[in-house]
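A note on names: the letters A, B, ... follow the listed sequences, proteins ahead of strands, and every chain is numbered from 1. Model, not experiment: these values are computed from the prediction.
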Number of protein chains: 2
Amino acid sequence: MVTVPPRMIDVAKRADVALSTVSYALNGTRPVSASTRRRIMRAMEELGYRPNALARGLASKRTRILALLFPTPERGLGVTEMEFVTGAADAAREHGYHLMLAPSELRDIHELEHLTGQGLIDGALVMEVRLDDERVDLLGQAGLPFSMIGRTSDPGTISYADIDFEQTTRDAIAHLMELGHRCVGFLNHSPSALSVGYGPTVRAAEGFRRAASDAGIAHIERPCGDNAAAGKAAFHELRASSPELTALVVMNERAVIGVMNALDEISWRVPDDFSIVSIVSSTRVTEMMRPQLTTLEPPSTELGRLGVQILLDQLERPHDEPLPPTQKLLPCRLVVGASSGPPPAR
Amino acid sequence: MVTVPPRMIDVAKRADVALSTVSYALNGTRPVSASTRRRIMRAMEELGYRPNALARGLASKRTRILALLFPTPERGLGVTEMEFVTGAADAAREHGYHLMLAPSELRDIHELEHLTGQGLIDGALVMEVRLDDERVDLLGQAGLPFSMIGRTSDPGTISYADIDFEQTTRDAIAHLMELGHRCVGFLNHSPSALSVGYGPTVRAAEGFRRAASDAGIAHIERPCGDNAAAGKAAFHELRASSPELTALVVMNERAVIGVMNALDEISWRVPDDFSIVSIVSSTRVTEMMRPQLTTLEPPSTELGRLGVQILLDQLERPHDEPLPPTQKLLPCRLVVGASSGPPPAR
DNA sequence: TTGTAAGCGTTATCAA
DNA sequence: TTGATAACGCTTACAA
């Protein structure tokens with residue numbers, strides 16, 4: 001047995017008012033007398049009425065659907081990215097919006113064009129932003145409101161929420177310097193992430209360079225493949241070229257285990273012989289390591305939520321008041337583990 | 001400058017055909033002569049036409065949008081869940097569908113009612129299923145097509161893709177027995193997961209019980225909070241009550257580190273003094289541990305994809321041919337690490 | 001093979 | 001404060 005869902009006209013008849021009055025009562029777009037409203041509400045209850053989102057969207061040109069653009073890199077997304085997603089989904093729901101997943105890979109930039117043209121979404125949230133990101137350009141041209149988790153090299157008036165990489169690298173170095181380190185290396189993400197201009201990779205490198213230089217300490221940096229083997233090799237190379245190194249700041253969750261293994265190989269203990277700080281990395285992962293890594297953990301869920309809020313601020317503003325963009329940088333939180341200690345007296 | 005997007009009628013005029021002909025050409029719902037089609041396609045190109053998804057959905061009653069129902073447990077989702085999501089999103093996209101995120105917590109079962117009533121989605125994919133799941137009941141009543149990643153205690157004719165927990169626990173035990181173990185314990189998820197009837201928790205426990213009994217070996221099982229401290233405590237208790245234990249099968253990614261720490265405390269080495277197998281757990285996580293854990297890794301991405309495919313099979317079948325449900329159990333893959341070896345000769 | 005026109009279930013304008 | 005009614009942009013009988 002298939003029953004047809006009740007429509008607005010059914011509610012109107014039952015409440016003995018005009019169709020439009022029901023609409024106004026529902027949206028509060030126009031004053032409706034208390035008694036009429038009551039009758040309407042009652043009729044809705046009794047019929048189990050649910051407004052049809054499609055019809056509403058077609059007529060009003062607003063769907064209350066947001067798209068979340070996320071590329072799926074070969075090796076998959078991690079805990080941090082999952083938290084962006086759940087944070088964003090949660091915030092959207094709280095504001096009465098839906099979040100649609102739009103997996104966007106390089107090749108389907110025109111799938112994105114498809115998305116924007118469909119009239120299906122009110123706005124978009126862009127994840128995993130590159131310094132020069134064609135998705136961002138496209139959204140701009142399409143005239144679709146959007147915000148970023150991350151940012152391009154020149155965000156202009158685009159709203160975003162991003163991690164404060166300068167601050168994060170500075171905090172990492174400060175933590176190590178307080179412990180007495182004077183020669184700290186930086187192990188970054190892969191060369192390819194660097195060369196495609198993946199925001200976090202580039203900004204962390206710059207931040208580290210700046211922070212080390214400001215602190216007046218030597219620093220060595222290196223990109224590194226996102227896997228244990230690359231991490232191990234990178235450590236051995238770094239040590240060979242810079243034997244005075246006493247600590248490493250690592251922004252590469254997959255490589256850091258390789259560094260630990262490399263240390264094992266030469267029988268160095270952490271943190272007695274060498275210190276490690278994992279930055280922009282979830283404690284959910286670094287807690288699993290022994291010794292538990294000192295971590296600068298990004299506020300991922302918060303960033304996801306913020307990205308949505310920023311977007312909705314734009315969307316819900318009347319079109320004639322443009323509203324200046326919201327651009328926020330959030331710091332990572334230092335979680336001191338057992339992987340950082342005073343440098344050895346070699 | 002705001003330009004209005006072209007509509008179907010614009011295409012029709014430009015190609016000098018009727019509006020409906022454009023529609024038929026677009027959907028292939030009715031034969032259209034090659035030349036007419038060409039003219040239409042050309043007009044679309046020239047105008048940069050994109051069909052309006054809302055109007056299409058309103059008229060056809062099909063939106064090509066799927067909902068992904070996932071609850072967000074207090075402590076967040078892990079890598080495995082992220083892979084469900086990306087797998088599902090990917091599969092949906094390949095079939096020309098969108099995936100909408102529907103974070104559903106216990107309390108908002110009526111938000112779910114809202115979702116189903118909106119006419120916004122063609123079907124749903126339910127994640128994190130419990131043996132007795134009210135979301136499943138509700139979807140059934142709402143008459144919305146859906147499939148599950150996981151399954152209820154009695155799936156009936158509902159399609160699903162799930163992990164084969166029987167097989168997985170059997171494989172874990174077999175691996176340990178081959179190494180010579182004869183007394184293997186099982187560390188499960190939290191008591192609360194067990195008591196709310198979370199599918200994997202209950203099924204893995206049953207599977208383990210059965211597999212151990214079939215293998216004719218002693219077995220001890222215990223639920224355990226999802227954190228390191230609980231894991232450590234659980235190990236000490238297990239050892240106290242069953243000193244003959246030589247290995248542990250663990251289905252608790254967050255607790256397993258606690259077990260390792262507990263072993264450290266009593267100076268037992270893995271795998272020389274004690275073996276560990278982590279089941280239904282991503283190698284992306286267990287690779288980070290030292291020694292790298294022997295793992296039974298679930299085919300998460302595959303499950304996500306499969307869940308969508310199964311759902312689409314139902315959706316795209318003509319309504320008069322019901323189609324028997326697809327119910328699939330996928331095995332986990334054994335990845336032998338360095339945490340399992342022969343039992344000690346104590 | 002193509003055209004005509006009646007919906008789909010809302011919103012929002014124009015009157016009253 | 002309320003009512004009629006024309007969009008919204010498309011699908012799909014029904015006709016030709």
I need the [atom1]-[atom2] distance between [X] and [N], as an integer number of Å.
X: Asp16(B); N: dT1(C); atom1: CG; atom2: P; value: 19 Å
X: Ile9(B); N: dA5(C); atom1: CD1; atom2: P; value: 12 Å
X: Ile40(B); N: dT1(C); atom1: CD1; atom2: C1'; value: 11 Å
X: Arg56(A); N: dC8(C); atom1: CZ; atom2: P; value: 19 Å
X: Met8(A); N: dC8(C); atom1: CE; atom2: P; value: 15 Å
X: Lys61(B); N: dG7(C); atom1: NZ; atom2: P; value: 13 Å
X: Leu54(B); N: dT11(C); atom1: CG; atom2: P; value: 12 Å
X: Lys13(B); N: dG3(C); atom1: NZ; atom2: C1'; value: 15 Å

Upstream residue (5' side of DNA chain C) when Arg7(A) and Ala34(B) are each assigned their closest nucleotide: Ala34(B)

5′-ward residue of the pair Ser35(B)/Ser23(A) relative to DNA chain C: Ser35(B)

Overall bend - the helix from dT1(C)-dA16(D) to dA16(C)-dT1(D), comparing terminal axes fitted on five pairs, nearest 10 degrees: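 Taking the rotation axis at each end, their angle is 30°.
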
Residue pairs involving residues 144-158 of chain B (criterion side-chain hydrogen bond (donor to acceptor under 3.5 Å, both in side chains); sequence neighbours excluded): Arg151(B)-Asp162(B)

Six-ring centre of Tyr198(A), Arg130(A) cation under 6.0 angstrom, axis tolerance 45°: no

Arg62(A) atom CZ, over 12 foreign heavy atoms within 6.0 Å: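 Result for CZ/Arg62(A): enclosed.
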
Enumerate, atom names and distances included, each donor-acceptor pair closer than 3.5 Å involving a side-chain atom of residues 302-310 of chain B, sequence neighbours excluded.
| unit_1 | atom_1 | unit_2 | atom_2 | d |
| --- | --- | --- | --- | --- |
| Arg305(B) | NH2 | Glu94(B) | OE1 | 2.6 |
| Arg305(B) | NH2 | Glu94(B) | OE2 | 2.9 |

Salt-bridge contact Arg93(A)-Asp90(A) (side-chain N to carboxylate O under 4.0 Å): yes

Side-chain donor or acceptor of Glu316(A) paired with backbone N/O of Asp313(A) under 3.5 Å: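 A pair under 3.5 Å: no.
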
Side chain Arg37(A), main chain Ala25(A), donor-acceptor under 3.5 Å: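 It does hold such a pair.
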
Sugar-phosphate, base or nothing in reach of Leu19(A), heavy atoms under 4.0 Å: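 Base contact.
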
N or O in side chain of Ser33(B) less than 4.0 angstrom from dT2(C) OP1/OP2: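 Looking at the OP1 and OP2 atoms of dT2(C), one of them is under 4.0 Å from a side-chain N or O of Ser33(B).
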
Given dT2(C), dG3(C), dT11(C), the nucleotide with the shortest approach to the side chain of Ala18(B):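 Per side-chain heavy atoms of Ala18(B), the pick is dG3(C).
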
Among dG9(C), dT11(C), dG3(C), the nucleotide that comes nearest once only the side chain of Thr21(B) is considered: dG3(C)

Asp137(B), Asp132(B), Asp133(B) screened by salt bridge (Lys or Arg N to Asp or Glu O under 4.0 Å) with Arg135(B), the one that passes: Asp133(B)

Those residues that, when tested against Thr63(A), pass side chain to side chain donor-acceptor pair (under 3.5 Å) (two or more places apart):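 Listed in chain order: Asp122(A).
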
Enumerate all atom pairs, one protein N or O and one N or O from nucleotides 13-15 of chain C, separated by less than 3.5 Å.
| unit_1 | atom_1 | unit_2 | atom_2 | d |
| --- | --- | --- | --- | --- |
| dT13(C) | O4 | Tyr24(A) | OH | 2.5 |

Interface limits on DNA chain D, where chain A has a heavy atom under 4.0 Å of a nucleotide atom: dT1(D) to dG9(D)

Donor on one side chain, acceptor on other, Gln327(B) and Ser159(B), under 3.5 Å: no

Any side-chain donor near an acceptor of the partner, Thr36(A) and Ser33(A), under 3.5 Å: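 Distance-only check passes for Thr36(A) and Ser33(A).
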
side-chain contact (heavy atoms from CB on, under 4.5 Å) partner of Val22(B), chosen from Asn27(B), Ile9(B), Val17(B), Val32(B): Val17(B)

